[in-house]
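The structure under discussion appears below in the form of structure tokens.
Reminder, nothing fancy here: chain letters follow the sequence lines and each chain counts from 1. Any value given below was found using the heavy atoms of this structure, including those in side chains, with hydrogens, waters and symmetry copies removed. Given the structure is predicted, the values throughout are model-derived calculations rather than measurements.
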2 protein chains.
Amino acid sequence: MERASTSKKDLQLAAYAKALAHPTRIAILNYLEKQSSCFTGDLVIVFPLAQSTISQHLKELKKAGLIQGELKPPKTKYCIHQKNWKIAKELFQQFFD
Amino acid sequence: MERASTSKKDLQLAAYAKALAHPTRIAILNYLEKQSSCFTGDLVIVFPLAQSTISQHLKELKKAGLIQGELKPPKTKYCIHQKNWKIAKELFQQFFD
DNA sequence: TATCCCTATCGTAAAATTACGATGAGCATG
DNA sequence: CATGCTCATCGTAATTTTACGATAGGGATA
């Protein structure tokens, strides 16, 4: 019986899955897909959560690479990170066959 | 500005993502896809983790509905829950467009 | 009936996640 | 230069996750 190794792909997929593992983050991404971009403040209005909580979720999504932020002082404009989005999409596709 | 509601689909997708949000669980599912089925003990040999830890991961996967267990005393045989697997696959597909 | 296998569950500790209010930093505008 | 707006970060508390060893239970076999 062979020892299972945890591949880079497994780790990456798990990291993406972790970013998606919260309903609010799913909803934020859905929102971003519809709107193509938005400011933090928009989400604070749309979601019944504190501003700091929204910011924290955005941070998680950025850490995973699924979104990117652009400074538009005094606001921050977020949008989907298309390149990584595609990578994630393909990893999930492969995973599910 | 409209209030975002968290739909059933969002919740279900987040739940599946949560189940996939750990490298070991990804690896277990990969293993199950290859072998089509396995016993808990197989995984204990294959992965460098305690038996109770493996059991806990299996429990998480079962809770999410991605696998199912069948008693084959004194063993337990696990396999992918095909129906839910397909549902998960489609949810991720839809999500990524 | 007693014993043996295998696995689930319990108890527990450390770490991570999630939420909030408060604070601080960055950059326009007055 | 001071003010105001927006957002990130800090500090913190409650909960959840992850890991382990130890224990319990279910069903064969002797």
Side-chain angles (χ1 to χ4, degrees), chain A residues 1 3-4 6 10-11 13-29 31-32 35 37-79 81, chain B residues 1 3-4 6 10-11 13-29 31-32 35 37-79 81:
Chain A
M1 189 111 41
R3 287 249 153 199
T6 310
D10 288 356
L11 293 174
L13 182 56
Y16 283 134
K18 193 172 169 186
L20 301 181
H22 195 289
T24 297
R25 290 196 290 270
I26 294 283
I28 287 175
L29 291 169
Y31 189 85
L32 272 177
Q35 309 291 323
S37 80
C38 74
F39 300 108
T40 307
D42 300 342
L43 300 170
V44 174
I45 294 174
V46 168
F47 294 97
L49 290 169
Q51 180 266 323
S52 56
T53 304
I54 295 291
S55 208
Q56 219 168 347
H57 281 306
L58 289 170
K59 192 181 178 183
E60 282 302 304
L61 290 172
K62 206 166 70 177
K63 194 184 79 180
L66 291 175
I67 65 172
Q68 55 190 333
E70 183 190 352
L71 290 173
K72 293 268 187 181
K75 302 189 175 184
T76 309
K77 190 174 142 192
Y78 284 99
C79 63
H81 190 304
Chain B
M1 190 108 43
R3 287 249 154 199
T6 309
D10 288 355
L11 294 175
L13 182 57
Y16 283 134
K18 193 173 169 186
L20 302 181
H22 194 288
T24 297
R25 290 197 291 269
I26 294 285
I28 288 174
L29 291 169
Y31 188 85
L32 271 177
Q35 309 292 322
S37 80
C38 75
F39 301 107
T40 308
D42 300 341
L43 299 171
V44 174
I45 295 174
V46 169
F47 294 98
L49 290 169
Q51 180 267 323
S52 56
T53 303
I54 296 291
S55 209
Q56 220 169 347
H57 281 305
L58 289 170
K59 192 181 179 184
E60 283 300 304
L61 290 171
K62 205 166 73 178
K63 194 184 81 181
L66 290 175
I67 66 171
Q68 56 190 334
E70 184 190 350
L71 289 175
K72 293 270 186 181
K75 302 189 177 185
T76 308
K77 190 174 139 189
Y78 285 99
C79 62
H81 190 305

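Closest to the Pro73(A) side chain, of the nucleotides dG21(C), dA28(C), dC5(D), is dA28(C). The side chain of Thr76(A) lies closest to dC7(D), out of dT18(D), dC7(D), dT7(C). Taking the side chain of Ser52(A) as heavy atoms from C-beta on, and the options dT7(C), dA19(C), dA22(C), the nearest nucleotide is dA22(C). Relative to the side chain of Gln51(B), the nucleotides dT7(C), dT18(C), dA22(C) differ in distance, and dT7(C) lies closest. Set against dT18(D), dG26(C), dT9(C), the side chain of Lys59(B) has dT9(C) as its closest nucleotide.
Counting only heavy atoms from C-beta outward, the side chains of Leu29(B) and Leu20(B) approach each other to under 4.5 Å. Counting only heavy atoms from C-beta outward, the side chains of Ile67(A) and Ile28(A) never approach each other to under 4.5 Å. For the pair Leu43(B) and Leu58(B), the minimum side-chain heavy-atom distance is below 4.5 Å. Between Glu70(A) and Lys72(A) the shortest side-chain heavy-atom distance falls below 4.5 Å. When side chains are defined from C-beta on, Leu11(B) counts as touching Thr6(B), because their heavy atoms get closer than 4.5 Å.
Residue Lys75(B) has no polar side-chain atom (N or O) positioned under 4.0 Å from OP1 or OP2 of dG27(D). Put simply, Thr53(A) has a side-chain N or O that comes within less than 4.0 Å of OP1 or OP2 on dC20(C). Between His57(A) and the phosphate of dA19(C), there is a side-chain N or O to OP1/OP2 separation shorter than 4.0 Å. Considering only side-chain N and O atoms, Tyr78(B) lies under 4.0 angstrom from the phosphate OP1 or OP2 of dA8(C). For the OP1/OP2 pair of dA19(C) and a distance below 4.0 Å, the side-chain nitrogens and oxygens of His22(A) include at least one atom meeting the criterion.
Within the nucleic acid shown, Ser55(A) comes within 4.0 Å of at least one base atom, counting heavy atoms only. Across all strands shown, Glu60(A) has no heavy atoms under 4.0 Å from either base or sugar-phosphate atoms. At the heavy-atom level, Thr40(A) lies under 4.0 Å from the strands shown only through sugar-phosphate atoms. Residue-level contact check: Lys18(B) touches the backbone only, with heavy atoms under 4.0 Å from sugar-phosphate atoms and none from bases.
Separating the CD atom in Gln68(B) from the NE2 atom in His81(B) is a distance of 5.0 Å, to the nearest 0.5 Å.
DNA chain C is contacted by both Arg25(A) and Leu71(A); Arg25(A) maps to the nucleotide lying nearer its 5′ end (nearest heavy atom per residue).
Remark: P of dA19(C) and CD1 of Ile28(A) are 10 Å apart, rounded to the nearest angstrom. Distance Leu43(A) CG to dT6(D) P: 14 Å, rounded to the nearest Å. At whole-Å resolution of the value, CD in Gln56(B) and C1' in dT16(D) are 11 Å apart. The distance between atom CD1 of Ile45(B) and atom P of dC5(C), rounded to the nearest whole Å, is 14 Å. To the nearest angstrom, C1' of dC7(D) lies 15 Å from CD of Glu70(A). In this entry the distance linking CG of Leu61(A) with P of dT17(C) reads 13 Å, nearest Å. Here the P atom of nucleotide dA28(D) and the CZ atom of Phe39(B) are 14 Å apart, to the nearest Å. Protein atom CD1 of Ile54(B) is 15 Å distant from nucleotide atom P of dT9(C), rounded to whole Å.
Considering all non-hydrogen atoms of both residues, Lys18(B) and Ala21(A) come closest at CA-CB, 3.5 Å.
Ring geometry for Tyr31(B) versus Phe47(B): interplanar angle over 60°, hence perpendicular rather than tilted (30 to 60°).
A rotation axis mapping the C1' atoms of four pairs onto the next four is fitted at both ends of the helix from dT1(C)-dA30(D) to dG30(C)-dC1(D) over five pairs, and the angle between these axes is 10° to 10 degrees.
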